J.: 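This is the structure, below, for whatever I ask next.
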There are 2 protein chains.
Amino acid sequence: MLEKERGNAAQVALGGAGERARRQPLRQPSIKDIARLARVSHPTVSRALQNSPLVNPATAAKIRKIAEAAGYRPSAVARGLVTRRTRTVGLVVTTVADPFAGEVACGIEQAANDHGYAVFLANSNADAECERKMVQALAERRVDGIIVTSSRVGSDYLPMLAELNVPMVLVNDQYPGEFVHSVMIANENGSRAATEHLIELGHRRIAYVGDRSGYQTETERLEGYKQALAAAGIEYAAELAVHGDGRPEAAVAAMDGLLKLADPPTAVCCYNDMTAMGAMRAIRTRGLRVPEDVSVTGFDDLFFAKYLEPSLTTVRQPMRRMGQMAMENLLKLMSGEDSVAQVKVEAELVVRGSTGRAGANPGLKVETGGTRASGAGRRNG
Amino acid sequence: MLEKERGNAAQVALGGAGERARRQPLRQPSIKDIARLARVSHPTVSRALQNSPLVNPATAAKIRKIAEAAGYRPSAVARGLVTRRTRTVGLVVTTVADPFAGEVACGIEQAANDHGYAVFLANSNADAECERKMVQALAERRVDGIIVTSSRVGSDYLPMLAELNVPMVLVNDQYPGEFVHSVMIANENGSRAATEHLIELGHRRIAYVGDRSGYQTETERLEGYKQALAAAGIEYAAELAVHGDGRPEAAVAAMDGLLKLADPPTAVCCYNDMTAMGAMRAIRTRGLRVPEDVSVTGFDDLFFAKYLEPSLTTVRQPMRRMGQMAMENLLKLMSGEDSVAQVKVEAELVVRGSTGRAGANPGLKVETGGTRASGAGRRNG
DNA sequence: TTGTAGGCGTTATCAT
DNA sequence: ATGATAACGCCTACAA
């Protein structure tokens, strides 16, 4: 439409209050512009726009009308500079493309948005150095707080925390320790429940396909598995506890190794749903069936779990809710409350079609899985 | 000039220059603080930190050392205020928990990060009003650009674009029209390829399970399906084209309706992988098998597609790459280049186990799917 | 090579 | 109820 009229739409619409054209990236109207148009001082405009009671209702209305007409939008950056609070938080994840991280991010974003906060997204790609850089970058952006999800360098945050002096909340992170605030799932309980479920179904030879060893989440889930075995008087066999990397590809290989054992397992407890997905593929590829030949459990209850064939018995994490809780904790921290600390979220076993009685191998059965779920531990959502 | 020596961590660490404690949110050191410590003026510090050649290497080194020791971090907000460029972009998605959006977001974040930009995440929850609000909020944050993914109100952005005067790039959006910049997948081609594949396998009675009707992406994919039918001389049957909502739950119901037809389809072309996942569930629930009884195709090639049983034949979208392209286009737009416009990305058929010859029903066959993929259209990644 | 003097768009602190 | 005036932390002239 108009070509050289760099004067922004607002000013043009108002009758060309712009004295001279700007070469700058098209300045948005400021309170000073509005003040000039309304024939008042900028502070008055500022007050009017904040619905301050200190301003005459009539002038306030007039100012708001003018601001509206001018397409005025307050600058959060200028406000942030003077108030020293940007109403911005940083979210560090390995990658949002990961379904778990996506769900958590969704919960965080929701809660943040509800409170007028914006969320900076930072992917660390599971690289510690990169992760550190991202946190630094967030600090430069002057975020009011930071949430780190599924980090593998959680312990490194303690010194950072002190240095950056920015409130932080960790979600399912590595060694949150005593000094930081966190939201964690009850890994041991969840994993134990899954394993107990398999034991109840008569399984004795139960394998575990984990994440890379050494991480807290992995260690805790493995521990839950061991606890359940011990409680049932089943001896832990090191050959049955193998490692993947939390992704299906590695799980295929790990599971295949288990199936090649002289005495292969009849059930497998997986670190997470992605791992379970890979394990199921490995089982099917060998011509075996789930759950008739091998029962499988996951962890997370990602959206696809109930749509796998058979649908996956898994341990549910309320991922969105956890994100929301993390954000709410962070909000408290940012407002000065130093009370909240470590939040432990209970995990819930969701029994579906991928687990069945040990030795229950009714020959050729085509309709595996489906909605065949026992009543126990059904999801409440 | 300033009599009140605001104490801060840096100064304290450097020898306790802070006279008295502050109740403020603990100010970070500024260039002025560094200047005082280095006994130079702030502009000199500013220049030194920007590696300006206008500053004496010796003093520059000294300044950098002091800044480092003081834990100085430049304030992006102050810089943004003066430069009028925040090096920040907004990303609007329905929800990052959606795998497609997550992948695109990942690509965007990557590219943004590579260029020193930070990404604001904004979930619209598929609500037009909310989406509009998020864009306004981003404008107040003074983002340099905005990317909108899978919006259903794409056309509404034209007026917004003019009003906000912020460069925008849309990814797989609704009616991008002539005036906005976009990255779109070749929906018709992709859908046509999938349908042609089914036709080549001998199918004649091919159904289509779409998204809610009226959206451009949906319309185009349906169109591709129709084109393939027409080219093969198969008459389009309205009863075989049904609607879901892009999510598995709705697809289960839609597919079930198709299976209840007097003359049910032997193949179904689905709007996306989520829909295909639901369709497969509906098929199995009825005691039918994929692909022996019904062949299924998806669209997207989400991470789980190859792990479904049978693995899903689908049309691949290079999602991360598309996000990256969108960001790169946005970078150009933000730097003033007004050249880039509508980018169309080719879709690639990936043949896997969920599609098979029509009428090829070899009785009870347990090992469905797996890695049984024909050579045609294999992914190159 | 360095320092001085604005100004970015707000809010905050005083006056009036 | 309103208006000057001064920050906030940085950058960019321009002056020295």
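Note that this is a predicted model, so its numbers are computed, not measured. To find a chain, count down the sequence lines: A is the first, B the second, and so on, and within it residues start at 1.
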J.: Please report the distance, rounded to the nearest Å, between NZ in Lys32(B) and P in dG3(C).
T.: 15 Å

J.: Is the count of non-hydrogen atoms from other residues, nucleotides or ligands lying under 6.0 Å from Lys62(B) atom NZ greater than 12?
T.: yes

J.: Which nucleotide in the list dT2(D), dC8(D), dC8(C) gets nearest to the side chain of Asn56(A)?
T.: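 That would be dT2(D).
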
J.: What closest approach, in Å, do Ser30(B) and Tyr72(B) show between heavy atoms, and which atom pair accounts for it?
T.: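 Looking at all heavy atoms of both residues, the shortest contact is C-CE1, 3.7 Å.
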
J.: Quick check: do Ile63(B) and Ile34(B) have side-chain heavy atoms less than 4.5 Å from each other?
T.: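 Yes; the side chains approach each other to less than 4.5 Å.
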
J.: Whole-Å distance between dT11(C) P and Leu81(A) CG?
T.: 12 Å

J.: Less than 4.0 Å between a side-chain N and a carboxylate O, is that true for Asp33(B) and Arg27(B)?
T.: yes

J.: State which of dC8(C), dC10(D), dC8(D) makes the closest approach to the side chain of Arg84(A).
T.: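 Taking heavy atoms from C-beta onward, the closest nucleotide is dC8(D).
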
J.: Please tell me which of the listed nucleotides, dT11(C), dC8(C), dC11(D), lies nearest to the side chain of Thr83(B)?
T.: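 Of the options given, the side chain of Thr83(B) lies nearest dC11(D).
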
J.: Within this structure, what is the NZ-to-C1' distance between Lys62(B) and dT2(C), rounded to whole angstrom?
T.: 12 Å

J.: Between residues 40-50 of chain A and DNA chain D, which residues have a heavy-atom gap below 4.0 Å?
T.: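 Per residue number, the list reads Val40(A), Ser41(A), Pro43(A), Thr44(A), Arg47(A).
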
J.: Roughly, in whole Å, what's the span from CZ in Arg87(B) to C1' in dC10(D)?
T.: 15 Å

J.: From CZ of Arg27(B) over to P of dA7(D), roughly how many Å is that when rounded to an integer?
T.: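 Interatomic distance, CZ of Arg27(B) to P of dA7(D): 13 Å.
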
J.: Mapping Arg142(B) and Arg39(B) to their closest nucleotides on DNA chain C, which lands nearer the 5' end?
T.: Arg39(B)

J.: Tell me the interatomic distance from Gln28(A), atom CD, to dC8(C), atom P, rounded to whole angstroms.
T.: 15 Å

J.: Out of dT11(C), dT2(D), dC8(C), which has the shortest distance to the side chain of Val55(A)?
T.: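 Nearest to the side chain of Val55(A) among the choices is dT2(D).
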
J.: Check the distance between dG3(C)'s C1' and Arg36(B)'s CZ and give it to me in whole angstrom.
T.: 16 Å

J.: Nearest whole Å is fine: how far is dC10(D) P from Arg85(B) CZ?
T.: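 Rounded to whole Å, this separation is 19 Å.
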
J.: Return the set of residues passing side chain to side chain donor-acceptor pair (under 3.5 Å) with Gln136(B) (not counting sequence neighbours), or none when no residue passes.
T.: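 Once residues adjacent in sequence are excluded, the partners of Gln136(B) under the side chain to side chain donor-acceptor pair (under 3.5 Å) criterion are Arg73(A).
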
J.: Can you name the residues that form a salt bridge (charged side-chain N to carboxylate O under 4.0 Å, His left out) with Arg132(A), not counting sequence neighbours?
T.: Asp156(A)

J.: Nearest 0.5 Å, please: how far is CG in Asp114(A) from CD in Glu109(A)?
T.: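 Here the interatomic distance stands at 9.0 Å.
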
J.: Listed by chain and number, what are the side chain to side chain donor-acceptor pair (under 3.5 Å) partners of Thr88(A), not counting sequence neighbours?
T.: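 Partners of Thr88(A) by the side chain to side chain donor-acceptor pair (under 3.5 Å) criterion, ordered by chain and then number, come out as Arg141(B).
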
J.: If you only use heavy atoms from C-beta on, which nucleotide in dT2(D), dG9(D), dT10(C) is closest to the side chain of Val82(B)?
T.: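 Between dT2(D), dG9(D), dT10(C), the one nearest the side chain of Val82(B) would be dG9(D).
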
J.: Pairs counted only when both distances fall under 3.5 Å, Watson-Crick or G-U: show me the 5' to 3' dot-bracket for DNA chain D, [ ] for pseudoknotted crossings and | for other-strand partners.
T.: ||||||||||||||||

J.: Which value, rounded to the nearest 0.5 Å, describes the distance between Ile147(B) atom CD1 and Met327(B) atom CE?
T.: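 The CD1 atom of Ile147(B) sits 5.5 Å away from the CE atom of Met327(B).
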
J.: Only pairs at least two apart or in different chains count here, so list each side-chain hydrogen bond (donor to acceptor under 3.5 Å, both in side chains) that has a residue in residues 49-60 of chain A.
T.: Ser46(A)-Gln50(A), Asn51(A)-Arg64(A)

J.: Kindly say if Ser30(A) contacts the phosphate of dC8(C), meaning a side-chain N or O under 4.0 Å from OP1 or OP2.
T.: no

J.: So which nucleotide from dT10(C), dG9(D), dC11(D) ends up closest to the side chain of Arg79(B)?
T.: dC11(D)

